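Written out below as structure tokens is the structure these notes cover.
We count ligands from 1, going down the list as the structure has it; atoms in each ligand are counted the same way. Keep in mind that this is a model prediction, so the values were computed, not measured.
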Amino acid sequence: MLNEYVYCPRLFFYEWVEGVFAHSSDTVSGSLRHEVVDARTDGLPGPEDVEGLTLKARAVTLSSEIHRLIAKMDLVEVSDGAVAPIDYKVGRPKDGASGPEAWPADRAQLCAQALVLRDNGYECREAIAYYHATKQRVRVAIDEPLVSETVAALDAARRLAEHGRIPAPLQDSPKCPRCSLSGICLPDETAAALAWQEEETGDQLLLFSEEFLHVPGPLASSPERDLRRLVPARDDERPLYVTGYGLTVGKSGEVLEVRDKKQLIQEARIKDVCQLNVFGTVHVTSAVIEALCFAEKPIAHFSMGGWFYGLTQGLGLKNVFLRRSQFEQADDEAFCIRAARAFITSKIRNQRTLLLRNHIEPPPIALARLKTLAASAAECDSLESLLGVEGTAARVYFEHFPGMLKAENCDGSMAFDLEHRNRRPPRDPVNAMLSLAYAFLTRDLTIICHAIGFDPFMGFYHQLRFGRPALALDLMEEFRPLIADSAVITAINTRMVTADCFVRTGSAVSLDKRGRTGLIRAYEQRMDALVTHPLFGYRVSYRRILEIQARMLARVVTGEVPRYAGFETR
Ligand code: SF4
């Protein structure tokens, strides 16, 4: 706890106040090393019995009421009647003027351990950090200046936890690329969002007590400089889709196995899968449910027609702070309108961009109309007026949607057409594809909302309705054209889905297995496509962008960043 606070107060807040934790290669190898060290525990003789002894006690846990601390020590060395705690570190020591030195966070942690030992009656004059990367021991003298610094850091950490507001991220710090929470914290993106707001208002916004800003100087970095991309551009894990009648998903060891009766038809290692999607009557064994819940990988359930109706997942994140703020903001009409304006303005601009890029003959009147409607959306002062603007824009956009579909029949007629958007049930092939693609997007944003700690059912634009993931629907507005519509257009124009991939039941139209597979392929390709974030300037996949936007919305909801900026492509 103290180590994290001294390394970065924001990291401390995430891990110790919000309970957020993520593994990096450093934390994994650190935990493995501690597992080895902790496997053997030896008793530490009482303080009155250590005189004349020389020994090492492993995995010692002691507490101090004076300092309100519990110390778990890897090793305590006893010699000459005194004790010295030893802590194992994965990395290398700091290069000091006169040789290797312990890092400030490690010095504070070791000092806290020494204080606990002293409070239990032991004499403790020094502590030792063992750095595995260089295999070096670095001694730390437990002197008065270090004790004062450590006690001050402890007090500050406790005040921060009580204060209940997350501190600003470090600025341009070399610590961030090594931090396991960089993909959650988004330090540069958060700082840049604050900088833009300052530019707009001309004010220095102090959202947090200066005590917790941690760094002197301007609050945020300049928006002109290139942001570091601290998150991987793409995920290594992929969704697994299982579609068909009577299939079973079981597991053997760490591998998921899809079987048709007894015949194995597909395999995937659990570590390569980010979510399991099952369509229709697919049986998932309890062993698979247990393994995926433990691995925090959700199972999304779809009807055979593609209706997304459920999610099975583990306990996940318990970030009640974000949900509390979300519920408060959802009751604030002004906040809801501001957020909704950003979602819808970006959606209309993205619809216009899609027409501009893909229409066989971009319609100038419709483009001008969408531009005007986007400007009107940005000015709307009520959710009702915004709904009206959004509806008008949708009519203009879908009226020209067929111009983006270029697959022809043998006789030269167009293979697909669309008169207007219809759903529940969709009554033509294009609407059937759009509905399924929107269901995939709803699923992805529902999962992301859960992962971040949002309640996906409490939205700001979409109003409450039983079973409706309103926040996921809010967040997907700006991505409908860019991801779902674009995937449908690609699937049709590249013939991944053809006119004979549909089944009709009365007036309802749905995709058959071949059509579903084709659309899934187009959708996943789109999610995997790299795109430049227009505000942050780096290239990441759409799958990452969805998460980044949801995390930026979380910053706005908690008051850390004042304004949500929708995602728009040029
Ligand atoms: S990414 Fe940087 S600012 Fe964020 S928690 Fe980690 S060290 Fe702190």
* **Ion pair E478/K347, N-O distance below 4.0 Å** => no

* Which atoms from ligand 1 have a heavy atom of C179 less than 4.0 Å away? -> 1 (S), 5 (S), 6 (Fe), 7 (S)

* Give a yes or no on whether C185 keeps an N, O or S atom under 2.8 Å from atom 4 (Fe) of ligand 1. => yes

* Counting backbone and side chain alike, does C176 bring an N/O/S atom below 2.8 Å of atom 6 (Fe) of ligand 1? -> no

* To do: With heavy atoms of S182 as the reference, note each atom of ligand 1 found under 4.0 Å away.
  => 1 (S)

* **Donor-acceptor side-chain pairing of R555 and T190 below 3.5 angstrom** => yes

* Ring centres under 6.0 angstrom apart (Y88, H132) -> no

* To do: Decide if the gap between the ring center of Y523 and the ring center of Y542 is smaller than 6.0 angstrom.
  => no

* Structure fact -> Looking only at non-hydrogen atoms, the one of D188, L11, D172 nearest atom 5 (S) of ligand 1 is L11

* To do: Identify, by atom number and element, the atoms of ligand 1 in contact range of C8, meaning under 4.0 Å from any of its heavy atoms.
  => 3 (S), 5 (S), 7 (S), 8 (Fe)

* Asked: Can you name the one residue among Y564, Y461, F460 that meets ring-ring contact (aromatic ring centres under 6.0 Å, His included) with F343?
  -> Y564

